[in-house]
Amino acid sequence: MEMLSMLKIGYTILRSETPATDLVNTFMDWAARRSLLLLGVFLPPYYVYKLTKSAFAVVAPEDVAGKVVLITGASSGIGEQIAYQYAKKGARLALVARREASLHDVAAKAKDVGSPEVFVVAGDVANPEDCKRFVQATVEHFGQLDHLVNNAGVASVCWFEEVPDVADFKQVLAVNFWGAVHPTHCALPHLKKSGGKIFVNSSAAAMLAMPRMSFYNASKAAVLNFFETLRIELRDDVGITIATPGWIESEMTKGKHLSKHGTVEVDQDMRDAQVGVLPVVHAERCAEAIVDAVCRGRRHLTVPLWYRALFLWRALAPEVGELSQRVFYRRTAGGHDGDRQAKARRFLEATGAKGLLQPASLQSSDIKRE
């Protein structure tokens with residue numbers, strides 16, 4: 001019957017006066033629907049291959065002792081903890097962020113936990129010239145570059161229609177997207193020479209599209225798709241690991257983000273309303289998983305792992321995902337969130353959920369200034 005259907009479609013294409021492109025697309029639609037049946041045959045051997053490859057990675061992860069790792073956004077949060085994890089493995093580090101004094105503090109601790117050499121370079125990933133400078137400075141200092149960790153990022157939390165000027169949020173793309181693209185472009189010749197690896201921190205928000213974070217979601221989705229494409233283009237010349245973490249202990253989950261005016265603020269009430277009752281993972285645990293994944297050559301990483309179930313729901317039942325998001329992030333009449341934020345804070349404090357679901361460091365709104 002399938003062969004007969006195929007012959008009928010072929011005959012229709014030959015006899016019809018419909019434009020050939022439409023007919024070809026009709027045939028491709030028919031073929032695509034039937035190709036899904038092949039998944040039942042293809043998936044079992046594919047997963048056997050995946051398990052075998054993972055087993056080899058478990059036995060022989062990359063030894064990064066003495067190798068050079070450049071980390072952006074290294075002055076706090078996930079980037080700081082990634083530096084310590086690489087340091088424990090004996091890697092030499094180049095730490096990049098805008099806050100030079102904080103970088104020196106991180107560098108001192110990284111040396112204490114095992115890094116033989118740490119190089120500090122102040123720089124802004126949103127500035128292409130800074131990206132060229134800190135990559136070149138790293139290579140000149142160490143003579144090589146083995147891993148590039150694109151971690152720098154900035155969050156925005158506000159309802160889109162309350163934004164006075166959307167141009168104020170170009171900085172989100174400048175840091176989150178271009179702040180990963182520019183360093184990668186500058187570092188690529190050196191990484192190809194060393195057979196190195198790239199890590200990039202996307203976000204679960206790239207898949208789940210959380211309300212009040214439209215600019216952030218878009219920037220992280222761009223990161224995800226760019227580096228998926230780059231992996232295909234580079235073949236096996238340079239390894240690429242992409243992380244899509246959920247809520248992780250950082251300055252962002254302390255309440256630091258861009259307000260609707262595009263200015264940086266620290267608002268823990270807004271943080272409580274945005275994060276709600278979702279658990280926040282310790283940055284150290286996340287960094288440990290990231291460095292392990294990079295050293296084992298894994299393509300993707302999600303911390304915590306249960307977010308992958310949400311990704312699946314989003315793909316297979318998008319209406320259900322959207323409904324749950326609307327309920328969880330329900331907007332108050334008139335768009336004013338002050339009362340809702342206060343209620344979220346009181347609920348978390350009264351039930352003790354904040355102490356259970358959030359690391360102790362998040363109870364303070366203090367962030368590094370320099």
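Values in this document were obtained by computation on a predicted structure and should not be read as measured data.
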Expected output: side-chain Gln268 to main-chain Leu362 donor-acceptor under 3.5 Å: yes
Chi angles and distances behind the side chain to side chain contact (heavy atoms under 4.5 Å, CB included) call for Lys197, Thr241: CA-CA 8 Å; Lys197 293 177 179 176; Thr241 299; 5.9 Å; no
Any donor-acceptor pair under 3.5 Å from Gln81 side chain to Cys286 backbone: no
Among Gln144, Glu62, His147, the one residue meeting side-chain hydrogen bond (donor to acceptor under 3.5 Å, both in side chains) with Lys67: Glu62
NZ/NE/NH1/NH2 to OD/OE distance under 4.0 Å, Glu288 and Arg285: no
Test log, rule side chain to side chain contact (heavy atoms under 4.5 Å, CB included), inputs Glu228 and Ile232: CA-CA 7 Å; Glu228 291 282 16; Ile232 298 169; 5.9 Å; no
Main-chain N/O of Gly66 paired with Arg92 side-chain donor or acceptor, under 3.5 Å: yes
Asn150: which of Asn176, Thr72, Thr184, Asn201 passes side-chain hydrogen bond (donor to acceptor under 3.5 Å, both in side chains): Thr184
Pair Val106-Tyr84, side chain to side chain contact (heavy atoms under 4.5 Å, CB included): steps then yes or no: CA-CA 8 Å; Val106 175; Tyr84 301 149; 3.8 Å; yes
Residue pair Phe311 / Thr244: nearest heavy atoms and the distance that separates them: CE1-OG1, 3.7 Å
Residues Lys260, Asp168: salt bridge by 4.0 Å N-O rule: no
Flag, side chain of Ser75 to backbone of Leu103, donor-acceptor distance under 3.5 Å: no
Separation between CD of Glu140 and CG of Leu145, rounded to the nearest 0.5 Å: 12.5 Å
Results of side-chain hydrogen bond (donor to acceptor under 3.5 Å, both in side chains) for Ser364 - residues two or more places apart only: Asp366
Trp247/Gln358 under side chain to side chain contact (heavy atoms under 4.5 Å, CB included): CA gap, chis, key distance, verdict: CA-CA 10 Å; Trp247 294 113; Gln358 298 179 6; over 6 Å; no
Check: Thr263 side chain, His261 main-chain N or O, donor-acceptor pair, under 3.5 Å: no
Within residues 75-88 or reaching into it, pairs that qualify as salt bridge (Lys or Arg N to Asp or Glu O under 4.0 Å) - sequence neighbours excluded: Glu80-Lys368, Lys88-Glu284
Arg133 with Asp130: basic N within carboxylate O range, under 4.0 Å: yes
